[in-house]
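Report on one structure; see the data block that follows.
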Amino acid sequence: MEKILMNKVVTRFAPSPTGTLHIGGVRTALFNYVYAKQNNGLFLIRIEDTDKERSKKEFEKNILDSLSSIGLSPDEKPINQSERNNIYVKAAQKIYESGNAYWCDCSKETLDKMRKDQEAAGKKPMYDGRSRNLGLKQSENTVLRLATPEDGEIIVKDIIRGEVVFQNSELDDLILLRSDGSPTYHLCNVVDDYEQKVTTVIRGEDHLSNTPRQIHIQNALGYPSLEYAHLPLVLGPDKKRLSKRHAATSLEEYQSDGYLDSAILNTLARLGWSKGDQEVFYIKDLIKNFNINDVQKAGAVFDVSKLDWLNTQHLANLTLDELKNKLRPYLENFNINLEDHFDEDLLISSMRSSSNTLSGIASDLKPYYLDEIEYDDKAISKFVDDVGINILSDLKEILSNIFDWNEKNLDIALKNYQSEHELPIPKVNQPIRIALTGSTRSPSLGLTLVLFGKDKSLDRISKLLIKN
RNA sequence: GUCCCGUUCGUCUAGAGGCCUAGGACACCGGGUUUUCAUCCCGGCAACAGGGGUUCGACUCCCCUACGGGAUGCCA
């Protein structure tokens with residue numbers, strides 16, 4: 001224990017590249033990152049690609065790119081377990097030589113049958129150690145198993161959960177080396193945590209029951225013990241771990257949907273953790289205020305509406321320039337160049353609260369840039385009737401005679417027309433709004449007209465007039 | 001089945017025996033501001049899983065039950 005206190009804190013995020021970076025993984029990485037940073041420690045990444053079947057380079061790339069895109073870059077170059085085979089094999093040998101492992105030649109069929117029998121007998125299915133004292137030598141179809149102590153218990157000291165006790169009798173002799181000689185997850189994981197000088201393991205709760213097994217491997221290898229924090233899982237609305245069935249799970253989907261990285265991180269951090277009544281946190285706030293001891297024990301349901309709200313908060317905190325820069329890629333999706341508007345600053349500042357995502361704002365910006373207008377049928381049928389058409393042609397005339405095209409003049413003209421004809425304001429304004437933007441949603445009308453400019457405004461009114 | 005973890009408003013959470021007629025936020029529902037939408041402001045709805053203990057007193061401590069999750073792989 002003293003040893004841990006003396007060492008520099010080192011945390012790691014150890015994903016296996018079998019899919020794109022999952023939002024739950026981002027949260028795990030975030031907590032690891034923040035914990036390391038607030039202790040002046042190191043945050044590392046390790047790619048656990050020992051499953052040759054399912055590991056894909058493209059996923060590894062996605063995970064690494066996603067992490068750095070959201071600001072959770074590691075302090076050292078990530079390592080790949082697939083490239084460190086000899087280290088694990090050496091460790092396995094050491095365990096074997098110390099008498100804490102043995103070769104086992106049980107076939108898959110034998111094992112299946114054993115498990116089935118145990119289940120039928122109402123017992124926990126686990127390897128019964130039948131090869132343990134056979135003194136088998138390594139051969140083509142042998143695996144190396146850890147000789148787990150049969151009695152006693154292992155106490156996992158978990159920062160979040162306290163002491164969790166496991167009886168050794170509940171644990172079976174796990175496989176260290178497969179029959180093809182390749183190392184398994186538990187071995188690699190333990191060896192690498194040691195090799196990378198990891199001090200603190202922060203990972204999902206699904207690993208809690210793996211921990212005593214890994215501690216046995218550590219003990220067999222003579223490694224020092226680690227600090228653990230098992231995070232509650234991120235759940236879907238049905239309380240099962242969040243999966244594609246529930247919602248988007250990969251980070252890149254949220255990013256392309258127009259959520260700010262800082263808002264995503266904020267949402268994830270608040271899932272299972274809180275600090276007073278504060279809701280909005282940036283990474284620097286987390287480094288200052290986060291306390292891993294305060295993390296909740298129960299799983300937390302991921303709620304997109306909270307993300308939406310937090311995103312509006314983070315969006316509102318952006319400076320105009322920041323917002324413009326963040327908007328650009330989303331605008332490009334519509335082939336829009338932000339600078340093509342004659343007063344993009346006024347435009348963006350008028351439209352910045354139109355939607356709670358970047359992609360939503362970009363989409364709302366389309367009428368201001370593109371010639372094609374998408375008319376909202378409902379709005380058309382509600383406001384563009386005979387009366388609406390008359391109003392439009394009247395206003396077209398009136399507006400064309402306004403030469404100093406500014407918000408104040410336009411508002412006055414609109415107001416005069418409306419009071420002269422004793423019309424309710426929306427009756428007058430909505431048809432114009434629809435003519436300009438295709439819908440009834442826009443900033444105040446005088447401003448909207450300014451944003452479109454005189455020519456375009458009149459054009460669009462004509463266009464709607466012709467259409468009807 | 002067995003082992004492990006968990007259980008406060010629909011959701012995220014505050015609550016470390018009296019501060020709780022249980023607080024905040026999101027969502028939702030009303031109302032207001034706004035020429036529309038959004039923003040913003042105000043208000044409302046809504047929870048301690050159940051049962052036993054311990055205690056003068058339990059959301060808080062202990063036990064049981066129920067429910068949920070995780071683990072039980074030559075996956076990680």
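Naming convention: chains lettered A, B, ... in sequence-line order (proteins, then strands); numbering from 1 in each chain. Since the structure is predicted, the reported quantities are computational estimates derived from the model, not experimental observations. Quick note: numbers below take in every heavy atom, side chains included, and nothing from hydrogens, waters or symmetry partners.
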Rounded to whole Å, please give me the gap between [atom1] in [X] and [atom2] in [N].
X	N	atom1	atom2	answer
A:Lys239	B:rC12	NZ	P	5 Å
A:Lys297	B:rC5	NZ	P	11 Å
A:Ile155	B:rC4	CD1	P	13 Å

How would you label the contact of [X] with the nucleic acid (heavy atoms, under 4.0 Å): base, sugar-phosphate, or nothing?
X	value
A:Asp308	nothing
A:Val428	nothing
A:Pro443	base
A:Phe302	nothing
A:Leu445	base
A:Ser274	sugar-phosphate
A:Glu119	nothing
A:Thr18	nothing
A:His230	nothing
A:Gln296	sugar-phosphate
A:Ser16	sugar-phosphate
A:Val143	base
A:Cys106	base
A:Lys306	base

For the [atom1] atoms, the ones on [N] and on [M], what distance do you get once it is rounded to whole angstrom?
N	M	atom1	answer
B:rG69	B:rC63	C1'	22 Å
B:rU7	B:rG50	C1'	12 Å
B:rC74	B:rC59	P	48 Å
B:rC62	B:rU55	P	16 Å
B:rC26	B:rC9	C1'	12 Å
B:rA46	B:rC41	P	24 Å
B:rC61	B:rU54	C1'	8 Å
B:rC28	B:rG10	P	16 Å

Options [options], nucleotide nearest the side-chain atoms of [X]:
X	options	answer
A:Leu111	B:rC74, B:rU13, B:rA76	B:rC74
A:Arg270	B:rA76, B:rG24, B:rC4	B:rG24
A:Thr50	B:rG70, B:rC12, B:rA76	B:rA76
A:Glu170	B:rA38, B:rU2, B:rG24	B:rU2
A:Lys240	B:rG68, B:rC37, B:rC5	B:rG68
A:Pro125	B:rC5, B:rU36, B:rG1	B:rG1

Strictly distance-based, threshold 3.5 Å: is any side-chain N or O of [X] a donor or acceptor partner for the main-chain N or O of [Y]?
X	Y	answer
A:Asn311	A:Leu260	yes
A:Asp158	A:His230	yes
A:Arg352	A:Leu318	yes

For this session: Step by step, work out the side chain to side chain contact (heavy atoms under 4.5 Å, CB included) result for A:Phe334 and A:Ser363.
Result: CA-CA 8 Å; A:Phe334 303 121; A:Ser363 174; 4.0 Å; yes
Do A:Asp180 and A:Lys52 sit within salt-bridge range, that is, some charged N less than 4.0 Å from a carboxylate O? yes
Legend entry - Side-chain ion pair, A:Glu374 and A:Lys366, N-O less than 4.0 Å: yes
> Do the side-chain N and O atoms of A:Glu60 and A:Asn80 include a donor-acceptor pair separated by under 3.5 angstrom?
Replying inline: yes
B:rC56 -> Watson-Crick or G-U wobble partner, both distances under 3.5 Å, gives B:rG18
Item to complete: Look at the side chain of A:Thr184 and the base of B:rC74, then say whether one donor and one acceptor between them are separated by less than 3.5 Å.
Response: no
- Position toward the 5' end of RNA chain B (nearest nucleotide), A:Val164 or A:Leu233: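 The 5'-side residue here is A:Val164.
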Whichever of A:Met126 and A:Val301 has the more 5' nearest nucleotide on RNA chain B, that residue is A:Val301
Output for pair (A:Leu395 CG, A:Leu465 CG), nearest 0.5 Å, gives 10.5 Å
